[in-house]
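Being a predicted model, the structure only gives us computed values, none of them experimental.
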Amino acid sequence: MMKRKINRKKPVILITGYLGSGKTTLLQGLLENGDNSGLALIINDMGSVNVDGKLIKNVDSSQKTTKMVELQNGCICCSLREEFMYQIEELSKDQRVDRILVEASGISNPASIAEGFLLSEAGPDDLSVYLHSIITVVDADRIYNEFLGEMEEQLQEDEEEGPDIINLVMDQIEFCSTIILNKCDLISTARIDQVINTIKQIQPEAGIIETTWGKVDSRLIFDGKEFDYDKVMNSSSLQKALLREKHMDESGTDGYGVSSFVYEERKAFDREKFMELLEDNYPEAVIRAKGYIWFSDDLVHAQLFEQAGRNASVSEATSWVAALPEEEKEEILRNYPDVLEDWDEIYGDRMNQIVFIGRDYDREDMITALNNCIAEGV
């Protein structure tokens with residue numbers, strides 16, 4: 001009877017993983033190649049500008065996704081958990097929605113999100129959804145080069161240390177049903193084996209799918225291994241995570257010392273100066289950055305800037321509306337009037353807008369460094 005009752009509920013699939021692991025790329029691939037009928041999305045980004053949401057909208061414009069909800073300026077594991085559960089329940093009431101796919105922010109703790117479902121199920125009103133699976137995306141290259149030694153060292157220690165970033169990474173790996181080991185093309189087979197061996201010590205029960213560029217058969221996500229809360233809770237490795245959880249700050253975000261800010265500037269960057277900043281003077285305390293920028297030598301194209309750890313890239317994304325032919329521009333503004341909300345008389349929709357996420361960084365120094373990259377006379 002219980003199984004039949006659960007099956008009548010709508011499944012929620014949670015995609016989690018550390019900053020820059022490839023969650024959005026995985027989600028984009030699912031939207032481009034899968035059957036999106038009856039699918040609703042919830043996108044969570046801790047910055048006040050939800051860049052991931054913008055990217056997904058661009059990909060999903062021709063798809064059949066029913067709805068997308070953006071939750072930003074906080075994490076659904078803590079400050080936005082109540083709002084998240086409300087939106088989940090609201091989406092489930094839509095008759096067109098059969099399943100809900102959630103992309104959590106990079107610093108969300110999946111244990112806290114799962115707890116939100118348990119608390120709601122224990123309440124007076126029975127949920128019409130259930131947590132089907134937790135998918136954790138792991139950057140194989142970054143795990144090996146930046147985290148592996150510390151992870152192995154902590155596995156051998158008897159005493160728990162205070163909460164920090166590596167604990168968050170371990171929590172995300174440990175508290176899931178499936179691990180997407182992404183960016184496997186960046187390290188050797190021997191190193192991949194070493195990463196997998198360490199991951200299995202942390203979470204022996206989860207299935208591991210090796211991939212590059214987040215390419216995964218959508219059936220492995222939507223019809224894959226279900227999350228067994230009791231099984232995970234009883235695993236020996238999870239008990240270590242629970243000990244760490246007790247020492248977390250209630251805010252979740254501050255407990256890891258992670259904060260964010262948004263840099264906004266209408267004037268264009270000087271390409272050479274910006275690239276020099278990335279190569280020679282970029283602060284190590286910034287662990288993740290993402291946003292759209294523009295250069296003084298290209299008035300047409302918006303550039304997507306992304307950085308995670310030691311990896312950074314700038315790639316041509318799309319054309320600014322202000323750079324389009326007049327007839328095409330007028331049509332877009334007529335059909336999408338919200339573009340005018342951020343319209344500038346001189347620059348149109350052109351803007352440098354980057355979300356920076358880091359730990360113990362100097363915000364003012366970062367802003368000064370970016371301002372020094374602004375081109376003169378543009």
Side-chain angles (χ1 to χ4, degrees), residues 19-20 24-25 27-28 43 45-62 68 70 72-73 260-283 286 288-308 311-358 361 363-378:
L19 301 162
T24 302
T25 303
L27 193 53
Q28 287 175 317
I43 309 295
D45 198 302
M46 72 165 289
S48 59
V49 176
N50 194 334
V51 180
D52 284 352
K54 291 182 179 180
L55 292 175
I56 296 301
K57 281 181 179 177
N58 291 339
V59 171
D60 196 49
S61 58
S62 62
M68 186 179 82
E70 298 176 68
Q72 57 198 48
N73 206 21
S260 70
F261 79 95
V262 180
Y263 175 84
E264 292 185 337
E265 171 57 57
R266 286 289 183 179
K267 296 179 181 179
F269 282 127
D270 178 286
R271 189 187 295 267
E272 185 175 337
K273 290 182 179 178
F274 187 80
M275 293 304 182
E276 184 178 342
L277 170 64
L278 296 186
E279 294 173 5
D280 301 329
N281 198 30
Y282 198 83
V286 177
R288 179 64 165 150
K290 182 188 287 188
Y292 291 103
I293 63 176
W294 67 298
F295 294 123
S296 57
D297 61 0
D298 185 356
L299 306 183
V300 175
H301 298 107
Q303 310 285 333
L304 176 63
F305 165 59
E306 293 187 281
Q307 172 260 324
N311 300 314
S313 65
V314 177
S315 57
E316 189 175 296
T318 186
S319 296
W320 297 109
V321 175
L324 297 173
E326 195 64 30
E327 185 176 338
E328 188 175 347
K329 179 172 67 177
E330 290 179 359
E331 182 180 355
I332 290 178
L333 295 177
R334 184 169 56 252
N335 294 330
Y336 303 95
D338 57 324
V339 175
L340 291 171
E341 294 178 5
D342 292 324
W343 196 266
D344 183 85
E345 291 185 4
I346 298 175
Y347 301 106
D349 58 331
R350 298 183 186 94
M351 177 187 289
N352 298 311
Q353 188 179 66
I354 310 173
V355 179
F356 289 95
I357 303 172
Y361 57 85
R363 173 175 174 171
E364 295 307 317
D365 282 355
M366 190 68 201
I367 292 174
T368 298
L370 290 164
N371 287 340
N372 289 338
C373 295
I374 298 299
E376 298 179 3
V378 178

(request) Walk me through it: do V300 and W320 pass the test side chain to side chain contact (heavy atoms under 4.5 Å, CB included)? (result) CA-CA 6 Å; V300 175; W320 297 109; 6.0 Å; no

(message) Under the criterion salt bridge (charged side-chain N to carboxylate O under 4.0 Å, His left out), I'd like the reasoning laid out for R334 against E331: C-alpha separation, chi angles, the key distance, then a yes or no.
(response) CA-CA 5 Å; R334 184 169 56 252; E331 182 180 355; 5.2 Å; no

(request) I would like to know whether Y347 and K267 meet side chain to side chain contact (heavy atoms under 4.5 Å, CB included); could you show each step before the answer? (result) CA-CA 8 Å; Y347 301 106; K267 296 179 181 179; 3.4 Å; yes

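Rounding to the nearest 0.5 Å places CZ of F269 at 11.0 Å from CE of M275. Put simply, CZ on R271 and CG on D297 are 4.0 Å apart, with the number rounded to the nearest 0.5 Å. The structure places OG1 of T24 at 4.0 Å from NZ of K290, a figure rounded to the nearest 0.5 Å. To the nearest 0.5 Å, atom CH2 of residue W294 and atom CD of residue E265 are 9.5 Å apart. Distance check: L278 CG to Q307 CD gives 8.5 Å after rounding to the nearest 0.5 Å. Put simply, OG on S315 and CG on L304 are 4.5 Å apart, with the number rounded to the nearest 0.5 Å.
Here the side chain of R350 pairs a donor or acceptor atom with the backbone of L299 at under 3.5 angstrom. Checked by atom type and distance alone, the side chain of N281 never pairs as donor or acceptor with a backbone atom of L277 at under 3.5 Å. Of the possible polar contacts, none joining the E316 side chain to the Q303 backbone as a donor-acceptor pair under 3.5 Å is found.
Between D270 and E272, the closest heavy-atom pair is OD1-N, 3.0 Å. In terms of heavy atoms, S296 sits closest to A268 at N-CB, 3.6 Å. Between P283 and M366, the shortest heavy-atom contact is CG-SD, 3.4 Å. What you find for Q353 and V262 is that their closest heavy atoms are CG-CG1, 4.1 Å.
A ring pair (Phe, Tyr, Trp, His ring centres under 6.0 Å) with F356 is found for one member of Y263, Y361, F261 and no other, namely F261.
The shortest distance between side-chain heavy atoms of F305 and N352 does not fall below 4.5 Å. For the pair V321/Y336, no side-chain contact is recorded, criterion being any heavy-atom separation below 4.5 Å from C-beta on.
Shown here is K273, whose NZ atom has more than 12 heavy atoms of other residues, nucleotides or ligands within 6.0 Å.
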